[in-house]
Amino acid sequence: MPFPFTLTATEGRARTGVLTTPRGDIRTPAFMPVGTAATVKAMSVDQVKATGADIILGNTYHLMLRPGPERMERLGGLHAFMGWDKPILTDSGGFQVMSLAGISKVKEEAVTFSSHIDGSKHILSPERSIEIQADRIGADISMQLDECVAWPAEEPRARAAMELSARWAARSKAAFGTRETQGLFGIQQGSTFENLRRESSERLIDIGFDGYAIGGLAVGEGHQAMCEVLDYAPDMLPADRPRYLMGVGKPVDLVEAVWRGVDMFDCVLPTRAGRHGQAWTWDGPINLKNARFAEDRTPLDPTIDCPASSQTSKAYLHHLIRADEILGKTLLSWHNIAFYQAVTAAMREAIAHGRFEAWRKDFHARHVSN
Ligand SMILES: NCc1cc(CSc2ccccc2)c2nc(N)[nH]c(=O)c2c1
């Protein structure tokens, strides 16, 4: 029995709804902060909760290397380990292997790789990834193991990766079995080839998943090319299940993807850019390192109910970032996550009232042109 997903309103291809899980409801469109190594970097669980985030992400690749799957289970699973009692989605780990690990080999049976931490050897098969995600980490939503090709890709290479991912989708579903309190998402691949993405979608739907992710985008193709794929890819997936665009993106990417029918997002950008002094605002990004903020006593955004956004002067943030103070990383990460939550909340509200087209135009005029 898959998690109930109720669409409360639609406007064109855009949707707003609620994905109900045993650990809590996820309001969509949803932005999911990334908690790679059992922490949303530089933030406490209470700060993440205060932003309004309904769900966070964990990273199987990092957690299987440290603290390790069996130790994680002995410690009660990721929720108990880090004190987060709302939903957690974990990625299957394959994407991170290709981008972070040392020597790695992709074979039909499994991906083998050496740890970027200590060089130890590891095997990640579809079955082992499900065991780690659902049984050791205890994720509420697990992802199938897939192969994401770099961009640009030749069609034969993109086809091979899409077909391997489809075979791994079937193995992931078989390993996951039927579970009452946990869900499993399939991942559409196919690079920028419409015919491959359609074949991928058809094979995933035949297998049947609780939700469907769009993988293989935000891999260097740029905003325009990503939108061109999103002009057709989301509609290839079931309308009555959540659609999750993996690893995306900047605020304008989220707006354009919601406009084209996407429901869920994750990205390291708000926390990573925050740690380096970048703050996202309704008027576009600014960098607090800039000397123009040295005596600016105004807050980043008085309308956002987050101390980092509305009760902290830009001058103080400028000082903390220039001094490379830990508090600067925390406050800007906190603001950026709160800003992303404000953007998704505003989109949910606009779609619910049939005002999203106008809201999107205003957003572009204010946020993008600067
Ligand atoms: N940049 C795009 C991207 C990002 C992620 C990682 S999303 C993530 C990151 C950390 C924790 C949880 C999810 C992906 N993961 C998978 N499995 N497949 C993809 O095609 C893909 C593409």
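The basis for the numbers below is simple: all heavy atoms, side chains too, and nothing from hydrogens, waters or symmetry mates. Whatever order the structure lists them in is the order used to number ligands and atoms, beginning at 1.
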Does any non-hydrogen side-chain atom of Ile351 lie less than 4.5 Å from one of Trp359?
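SC-SC contact between Trp359 and Ile351 ruled out.
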Within a strict 4.5 Å, meaning less than it, do heavy atoms of the Cys267 and Phe31 side chains meet?
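Yes - at least one pair of side-chain heavy atoms lies under 4.5 Å apart.
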For residues Ile187 and Leu164: do they belong to one hydrophobic cluster (side chain heavy atoms under 4.5 Å, members Ile, Leu, Val, Met, Phe, Trp, Tyr)?
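No; Leu164 is not reachable from Ile187 via cluster members.
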Heavy-atom count around Leu75 CG within 6.0 Å, excluding the residue itself: above 12?
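Yes - once you tally the heavy atoms of other residues, nucleotides and ligands closer than 6.0 Å, there are more than 12.
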Short list, please: which atoms of ligand 1 are under 4.0 Å from a heavy atom of [X]?
X: Cys148; answer: 19 (C), 20 (O)
X: Gly58; answer: 11 (C), 12 (C)
X: Asn59; answer: 10 (C), 11 (C)
X: Leu217; answer: 1 (N), 2 (C)
X: Gly216; answer: 19 (C), 20 (O), 22 (C)
X: Ile187; answer: 17 (N)

Where's the contact between Gln96 and ligand 1, heavy-atom distance under 4.0 Å: side chain, backbone, both or neither?
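Contact part for Gln96 vs ligand 1: side chain (C-beta onward).
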Location of contacts on Phe265 toward ligand 1, heavy atoms closer than 4.0 Å:
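The answer is neither.
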Tell me the protein heavy atom at minimum distance from [atom], and give that distance in Å.
atom: atom 1 (N) of ligand 1; answer: Ala218 O, 3.1 Å
atom: atom 19 (C) of ligand 1; answer: Asp146 OD2, 3.6 Å
atom: atom 6 (C) of ligand 1; answer: Asp91 OD2, 3.3 Å
atom: atom 14 (C) of ligand 1; answer: Phe95 CG, 3.5 Å
atom: atom 8 (C) of ligand 1; answer: Asp266 OD2, 3.7 Å

Please report whether ligand 1 has a polar contact with Leu57, defined as an N or O pair separated by less than 3.5 Å (distance criterion only).
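Looking only at distances, the answer is no, because the N/O contact criterion of under 3.5 Å is not met.
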Output yes when the distance from some N or O of ligand 1 to some N or O of Gln189 is under 3.5 Å, and no in every other case.
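Yes: some nitrogen or oxygen of Gln189 is under 3.5 Å from one in ligand 1.
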Taking atom types as modelled, find out whether [X] and [Y] have a side-chain donor-acceptor pair closer than 3.5 angstrom.
X: Gln133; Y: Ser129; value: yes
X: Asp146; Y: Trp168; value: no
X: Ser201; Y: Gln188; value: yes

Between ligand 1 and Met143, can you find any atom pair, the residue atom being a heavy atom, that is separated by under 4.0 Å?
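The answer is no, since Met143 has no heavy atom less than 4.0 Å from ligand 1.
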Taking the ring of His116 and the ring of Tyr61, is the distance between their centroids below 6.0 Å?
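Here the rings of His116 and Tyr61 have centres that are less than 6.0 Å from each other.
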Would you say Thr51's side chain and Ile337's backbone share a donor-acceptor pair under 3.5 angstrom?
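Not a single qualifying donor-acceptor pair exists.
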Passes salt bridge (Lys or Arg N to Asp or Glu O under 4.0 Å), Lys250 versus Asp253? Steps please.
CA-CA 5 Å; Lys250 298 194 298 290; Asp253 298 324; 3.7 Å; yes
